[in-house]
Novice: 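I am attaching a structure below and will ask some questions about it afterwards.
Owing to the predicted nature of the structure, the values given are computational and were not obtained by experimental measurement.
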Amino acid sequence: MNKIFSIDGIDNDSFNEVGEHLYNNLKPILDDNRTIIFLCIGSDRSTGDSLGPLVGHNIKEFKNKNIYVYGSLYYPVHSQNLDEVLKKIYESFNDPYIVAIDASLGSFQNVGRVFIENKPLFPGLALNKDLPPVGDLSVTGVVNVSGNFEFMVLQNTRLYTVVTLAEFIAKGISYSIDKLMSKDDLVESLTNY
């Protein structure tokens, strides 16, 4: 059964709750010596779709032998290169555990909420793009209201909402990584991108 974790990411300073939830999901994966990939999906050319690259930009310094970050402002992972990046990940790592991070559209009352689910996410769904499901664990931030003209909605999403959600998610991820590893084991380095 898939239990959905949800928290307000705008008016809430409880990023440690996100971190604890991620820690509880990722600890058994790391204990099994599997590689964890944070795959931050989105485009830096659309405000509403830039959540993933902003999260990746904020966590890009975290890298060690079992944790990698793909997708950032410098090298976004989006609909045009997603298949290529996934192919590279699966060629480079044996049985990686992918945490997929992306923006989403939702109901008015969910704008600003972060959802974490033990299932893949479907990038590009709001824009009717035919992309493969991605991830073992999905982290989505609801950046705006869904409805008609999703492309225009994403283009006209408040930057404040996206940046605040991205910082909140990145702090939660950083919290979980710090808890998963001792400071001595954490190697600061630029990511692959």
Novice: What's the shortest heavy-atom distance between P123 and P132, and which atoms?
Specialist: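 Nearest pair, atom of P123 first, then P132: CD-O, 3.6 Å.
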Novice: To the nearest 0.5 Å, what is the distance between OG1 on T157 and CG on L105?
Specialist: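 CG of L105 is found 6.5 Å from OG1 of T157.
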Novice: Starting from the C-alpha separation in whole Å, work towards a yes-or-no answer on side-chain contact (heavy atoms from CB on, under 4.5 Å) for I41 and L39.
Specialist: CA-CA 6 Å; I41 301 167; L39 182 59; 4.0 Å; yes
Novice: So, for G19 and S176, which heavy atoms are closest and what is the spacing to 0.1 Å?
Specialist: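 Nearest pair, atom of G19 first, then S176: O-CB, 3.3 Å.
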Novice: Sort and list the pairs that fulfil salt bridge (Lys or Arg N to Asp or Glu O under 4.0 Å) and have at least one residue in residues 28-40, not counting sequence neighbours.
Specialist: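 Those involving residues 28-40 are K27-D31, R34-D95.
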Novice: Could you check whether any side-chain heavy atom of N12 comes within less than 4.5 Å of a side-chain heavy atom of I7, counting everything from C-beta outward?
Specialist: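 Side-chain contact under 4.5 Å: yes.
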Novice: Using only heavy-atom distances, determine whether the side chains of N118 and N25 contain a donor-acceptor pair under 3.5 Å.
Specialist: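 Yes.
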Novice: A side-chain contact here means heavy atoms from C-beta on lying under 4.5 Å apart; do F115 and V139 qualify?
Specialist: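 Contact flag for F115/V139 side chains = no.
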Novice: Would you give the length of the straight line joining atom CG of N58 to atom OG of S72, rounded to the nearest 0.5 angstrom?
Specialist: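 Here the interatomic distance stands at 10.5 Å.
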Novice: List for me each residue that meets salt bridge (charged side-chain N to carboxylate O under 4.0 Å, His left out) alongside R113, sequence neighbours excluded, and say none if there are none.
Specialist: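 Listed in chain order: nothing, the list is empty.
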Novice: When rounded to the nearest 0.5 angstrom, what is the spacing between OG in S138 and CD in E117?
Specialist: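 It is 5.0 Å, given to the nearest 0.5 Å.
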Novice: How would you list all residue pairs meeting salt bridge (Lys or Arg N to Asp or Glu O under 4.0 Å) that involve residues 156-177, not counting sequence neighbours?
Specialist: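 Those involving residues 156-177 do not exist here.
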Novice: Can you tell me if N81 uses its side chain to pair, donor with acceptor, with the backbone of P76 under 3.5 Å?
Specialist: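 Indeed, once roles are kept as given, a pair shorter than 3.5 Å links the two residues.
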Novice: Tell me the salt bridge (Lys or Arg N to Asp or Glu O under 4.0 Å) pairs involving residues 5-20, sequence neighbours left out?
Specialist: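 Matches after skipping sequence neighbours: E20-K179.
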Novice: What pair of heavy atoms forms the shortest contact from L121 to A100, and how long is it?
Specialist: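 The answer is CD2-O, 3.4 Å.
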Novice: To the nearest 0.5 Å, what is the distance between CD1 (I10) and OG1 (T161)?
Specialist: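 It comes to 5.0 Å.
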Novice: Dump the intermediate steps for side-chain contact (heavy atoms from CB on, under 4.5 Å) on D83 and L131, then the final yes or no.
Specialist: CA-CA 8 Å; D83 287 333; L131 298 170; 5.5 Å; no
Novice: Which atoms form the tightest heavy-atom contact between P133 and F122, and what is the distance?
Specialist: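 Heavy atoms only, the tightest pair is CB-CE2, 3.5 Å.
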Novice: Output every pair passing side chain to side chain donor-acceptor pair (under 3.5 Å) with a member in residues 100-111, not counting sequence neighbours, ordered by first then second residue.
Specialist: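 Every side chain to side chain donor-acceptor pair (under 3.5 Å) pair that includes a residue of residues 100-111, provided the two are not neighbours, is S107-N110.
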Novice: Looking at S14 and N16, would you say the former's side chain and the latter's main chain have a donor-acceptor pair under 3.5 Å?
Specialist: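 Side chain of S14 to backbone of N16: no pair is present.
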Novice: Is there a side-chain contact between T140 and V114, using heavy atoms and a 4.5 Å cut-off?
Specialist: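 They are not in side-chain contact.
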Novice: Walk me through whether L51 and I169 qualify under side-chain contact (heavy atoms from CB on, under 4.5 Å).
Specialist: CA-CA 9 Å; L51 178 77; I169 292 168; 4.1 Å; yes
Novice: Report the distance from atom CG of L165 to atom CD1 of I101, rounding to the nearest 0.5 Å.
Specialist: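 Taking CG in L165 and CD1 in I101, the distance rounds to 12.5 Å.
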Novice: Looking only at heavy atoms, what is the nearest atom pair of V162 and S50, with distance?
Specialist: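 That would be CG1-OG, 3.5 Å.
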Novice: Does the side chain of V134 come within less than 4.5 Å of L82's, by heavy atoms?
Specialist: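 Side-chain contact under 4.5 Å: yes.
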Novice: Taking all heavy atoms of V77 and all of C40, pick out the closest pair and write down the distance.
Specialist: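 For V77 and C40, the tightest heavy-atom pair comes out as CB-O, 3.8 Å.
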Novice: Is the closest side-chain heavy-atom distance between Y74 and D44 below 4.5 Å?
Specialist: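 No, too far: nothing below the 4.5 Å cut-off.
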Novice: Give the intermediate values and the outcome of side-chain contact (heavy atoms from CB on, under 4.5 Å) for residues V142 and F108.
Specialist: CA-CA 9 Å; V142 181; F108 177 77; over 6 Å; no
Novice: Would you say the side chain of L26 lies within less than 4.5 Å of the side chain of Y97, judging by non-hydrogen atoms?
Specialist: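 SC-SC contact between Y97 and L26 confirmed.
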Novice: Would a 4.5 Å heavy-atom cut-off, applied to side chains only, mark I67 and F38 as touching?
Specialist: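 I67 vs F38: side chains touch.
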Novice: Does T35 have any side-chain contact (heavy atoms from CB on, under 4.5 Å) partners at least two apart in sequence or in another chain, and if so, which?
Specialist: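 For T35, the residues satisfying side-chain contact (heavy atoms from CB on, under 4.5 Å) (neighbours in sequence not counted) are I37, N66, Y68, F93.
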Novice: How long is the straight-line distance from CD1 of I59 back to CD of E61, given to the nearest 0.5 Å?
Specialist: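 So the CD of E61 and the CD1 of I59 are separated by 11.0 Å.
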Novice: Going by heavy atoms in the side chains, are L22 and I116 under 4.5 Å from each other?
Specialist: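 Side-chain contact under 4.5 Å: yes.
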